[in-house]
Protein chains: 2
Amino acid sequence: MGPVLLQPKIAQCFSRSSFSGKETLYRWVFRCLELAIRKGELEAGFKLPPTRLLAEALGIARNTVKTAYEMLLSEGYIESRVGDGSYVAELPQDLINPGHKSKKARADLPLSEYAQQYISLPPLNSDIRKILQPGIPALRDFPLGQWKRCLSFASSFKALESFPPAGDLKLREQIVDYLLKFRGIEADPEQVLITSGSQQAAFLTAQLLLNKGEKVIVETPGFPGTSGVFSSLGCQIDALNMEEAVSIDSDARLINLTPSRNFPLGHTLSLSQRLKVVQWAEHNNSWVLEDDYDSEFAEGYPVSALLSICESDRVIYTGTFSRSMFPALRLGYMVLPPKLVTVFTRARRYMDGGLSQVVQVAMAEFMGQGFYSRHLKKMRQHYIKQADHMLKQIEKTSLSELALISAPGGMHLVLKLPDCIDDRAMVGELDKRGFGIRALSGYCQQGQSMNGLVIGFCVDKEEVIKPGIEEVASLYKALRDKA
Amino acid sequence: MGPVLLQPKIAQCFSRSSFSGKETLYRWVFRCLELAIRKGELEAGFKLPPTRLLAEALGIARNTVKTAYEMLLSEGYIESRVGDGSYVAELPQDLINPGHKSKKARADLPLSEYAQQYISLPPLNSDIRKILQPGIPALRDFPLGQWKRCLSFASSFKALESFPPAGDLKLREQIVDYLLKFRGIEADPEQVLITSGSQQAAFLTAQLLLNKGEKVIVETPGFPGTSGVFSSLGCQIDALNMEEAVSIDSDARLINLTPSRNFPLGHTLSLSQRLKVVQWAEHNNSWVLEDDYDSEFAEGYPVSALLSICESDRVIYTGTFSRSMFPALRLGYMVLPPKLVTVFTRARRYMDGGLSQVVQVAMAEFMGQGFYSRHLKKMRQHYIKQADHMLKQIEKTSLSELALISAPGGMHLVLKLPDCIDDRAMVGELDKRGFGIRALSGYCQQGQSMNGLVIGFCVDKEEVIKPGIEEVASLYKALRDKA
DNA sequence: TGAGATTAGTACGGACAAATT
DNA sequence: CAATTTGTCCGTACTAATCTC
């Protein structure tokens, strides 16, 4: 190494190549010696070179080496005596021995039952953006400037401090105002719990209201994310077929519905069906989890929420901003019956302690300034235009022979495929070509199979929709003719 | 009403006074009829007047009435037949009847076992800011301007779209860099999971690695939030007394530690103790949850993290930004052994689907620009000064006869109280006077009782600390003399 | 920043086809 | 057959909000 001679044992600890440049010099010295001690190359009692000597040998300052020695000392790797020197400390030998790593890794990871359930669930769709993908809003038209101003407001001093686990009070108040004005729901800010979206709302609900083995009713087709929450908990899933008349005679503990617009079909539960559900829940001492999915983009006038037509203490209402604002926002809310408020907020404190205040304050400001309702209005119009355009394109192609089985409005449409074409296979092929179109059967519970394509029309421009639909049509024709 | 005669039943539905002027005309018509139907005044099968007639009677346009009828139809309140008329629909009678609300509410809420556990746990401290409160950083010195710029960066177009449930990739990379540089931890961004703080990290870990009834070891004293997570899950809690030598011969499934700085005492587990813990975990096929609490503000060089001294696949490392940045940020991370990455990210998707991307992107930018490490450095110096000042003040008062049992550094200090003074009672009295000082016994598990005061020195100015300490001292003197 | 053009939402009136009695 | 009623279409007028220059 340098002109100064080190013992070979020490010298071989330091190789220039192991210095990454990213870390500090003294850390590197520390790391080299630490490794040598842990590997057992420098055994207990071994006398390290004086800092002065090592520094010179390595061509660095003595202080740097001294710092490294200090770190080793404070960690307990070495013992130093003034006037004597530094010695490697006595440490449990079998831990120092590098051989212990080689012992075969245990194959069985001790996971919880719960985790086992999750592994058995199908992974949810990834979030890579593709063409004609459903569920993604028209980000191009998002008022970035206004949002930026709101975020800037959220970085003011006041927003740094408090973080009620239930969520920012201002935001909860804004949500209450919004729900009253647009959904006819009368609620108190106390009842509102800020979540990261319907998914977390379902999770909290499941955790706090359901026990393993209990029955839960979910829609089919429906969103697999929420039903996954229930099955991961070890609940028994009863599918409620949305194609048929709704009749509930189950002893389920909870029913999870999207009454105003079913996902993905967009169908609406009729008033009497909605009333029956609540009646059933009250009679059966069960719960209703109402996901007010997509009501913002319902065609014409959105139907009343379950919660507004009956002030039942059985209904938990959830909504999300991520679909109306932008996906990465991940902000939503739930409205709880007053009786559940204490349990939920208390548990929340232990589960995640509440979400980041920053986005909450920004969102409250965004709503308070009227930006939100203005944006919604615009999006509604925009999506109607987009849907119209896509339908016109479909009319021009062979896809026009497929039945449109989704209700008007929303952010996507659903085309029914003939039985001879497997929607998953077709979507798999489309995926390879860069399409984010989903298979309808992917949203069905066991026992039901619906064959169809779920096509989003929100985000893509007309120049993309036209050739996109044409490519889908030509693939369809090819598959149809082959079958 | 008008010259046109309506049936009295219909006429009495509409009273001019109920029209607020704020709502639209057609909504008012809708609401009047809806109410009458729900009240049962218009029974099922009742024929509504033709739109033309009602319009004339009310003195409004037919189209307005038609819009209202359309809404009633789409909600399911009425049925319309062309050429015939509109009739009130058949609806479940006992729900329409307003009397059904009067039936006595069920007393027993069907909650999960899990929720029952939460109710039995003590509520965690509220977040109202008080004097000398521990755990709150010096917000005054937070670089708001830099943070604002980072937030502004986070509202750019690109940040709107993707939201990997594990967290923003850029942030995970920054965290990996930080951990390597400051904590000597080598990890891959893949292993990092963004959380809302240590609390959520503990929750996720508990959910996915522990079953009901299994044993967990926690420190005492320690943070009650994380131990609460385990006991809510129905785990058996074994307390590890930090005052005594650490020896583990338990068959626990998991040990939760703050090895670099115990909370609230700030004590450090020695190297050989830390090695023993990992050895135990590997031998016992158990897990170590390492909360690297407060290592940023350790005195001198922080000791290496468990994770850095042994690349064991048993160690889960967690850290948080909320204490170094600001409490309302609620952002943290965990580093998982590679084997657990799949389970955790997959489960995460179902639990909350990931956190808001906005703060993550901002935080990544904040770190990437070097603002974070600069801020940390400043805070470290500042807190040393603050601690020094507080200690000096304590020296001047009767509090100087109390033993300082916390390690130097950190964000608070701990004074031991004599047995004759109950710390909870004293803190209760202090709370009334606006102090956020905590009782040490509040952090102890059953079977241990330590009597002391946990006093924060970060946030308050010198002008507050001086009289604050004096008031605490005079209360102490009063209590001591009484006992 | 502000005046002028544009657009959406509400309310109104009328015409006519389709279905029912 | 005629009378009635809903559903769909047209156009107009006014207001408030939004966009553009």
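Each chain gets a letter, A, B and so on, in the order the sequences are listed, and its residues count up from 1. Worth saying up front: this structure is predicted, and the values here are computed from it rather than measured. No hydrogens, no waters, no symmetry mates; every other heavy atom, side chains included, goes into these values.
When rounded to the nearest whole Å, the span between CE of M71(B) and P of dT10(C) equals 10 Å. Atoms NE2 (H375(A)) and P (dC19(D)) sit 12 Å apart, rounded to a whole Å. One can place NZ of K378(A) at 18 Å from P of dT6(C), the figure rounded to the nearest angstrom. At whole-Å resolution of the value, NE2 in H382(A) and C1' in dC19(D) are 16 Å apart. For the pair R62(B) CZ and dC9(D) P, the interatomic distance rounds to 13 Å; values are reported in whole Å. The distance between atom CD1 of I60(B) and atom C1' of dT10(C), rounded to the nearest whole Å, is 12 Å. Distance Y69(B) OH to dA11(C) P: 17 Å, rounded to the nearest Å. Rounded to an integer number of Å, the gap from OH of Y87(B) to P of dT21(C) is 7 Å.
Not one side-chain nitrogen or oxygen of Q381(A) sits closer than 4.0 Å to the OP1 or OP2 atom of dT7(C). Listed pair Y26(B) / dA11(C) fails the phosphate criterion, with no side-chain N or O lying under 4.0 Å from OP1 or OP2. The phosphate of dA11(C) (OP1 or OP2) has no side-chain N or O of T64(B) nearer than 4.0 angstrom. Between S80(B) and dT6(D), a side-chain N or O to OP1/OP2 separation shorter than 4.0 Å is absent.
Listed candidates were dT5(D), dT10(C), dT6(D). Nearest to the side chain of T24(B) is dT10(C). The side chain of R52(B) approaches dT6(D) more closely than any other nucleotide in the set dC19(D), dA11(C), dT6(D). Of the candidate nucleotides dA18(C), dG9(C), dA15(C), dG9(C) has the atom lying nearest to any side-chain atom of K377(A). The side chain of N63(B) has dC10(D) as its nearest neighbour among dG9(C), dC10(D), dA19(C).
Ring-plane geometry between F142(B) and F366(B) is classed as parallel, the angle between the planes falling under 30 degrees on a 0 to 90 degree scale with a further cut at 60.
Checked against the 6.0 Å centroid criterion, the rings of F30(B) and Y69(B) do not qualify as a close aromatic pair. Less than 6.0 angstrom separates the ring centroid of W28(B) from the ring centroid of F14(B).
Atom NZ of K181(A) is surrounded by 12 or fewer heavy atoms from other residues, nucleotides or ligands within 6.0 Å.
Residue-level contact check: S86(B) touches the backbone only, with heavy atoms under 4.0 Å from sugar-phosphate atoms and none from bases. Within the nucleic acid shown, K66(B) comes within 4.0 Å of at least one base atom, counting heavy atoms only. D84(B) comes within 4.0 angstrom of sugar-phosphate atoms only, judged by non-hydrogen atoms across all strands, and of no base.
Between the base of dT4(D) and the side chain of R81(B) there is no donor-acceptor pair shorter than 3.5 Å.
If you check the side chains of E296(A) and Y383(A), you find no donor sitting under 3.5 Å from an acceptor.
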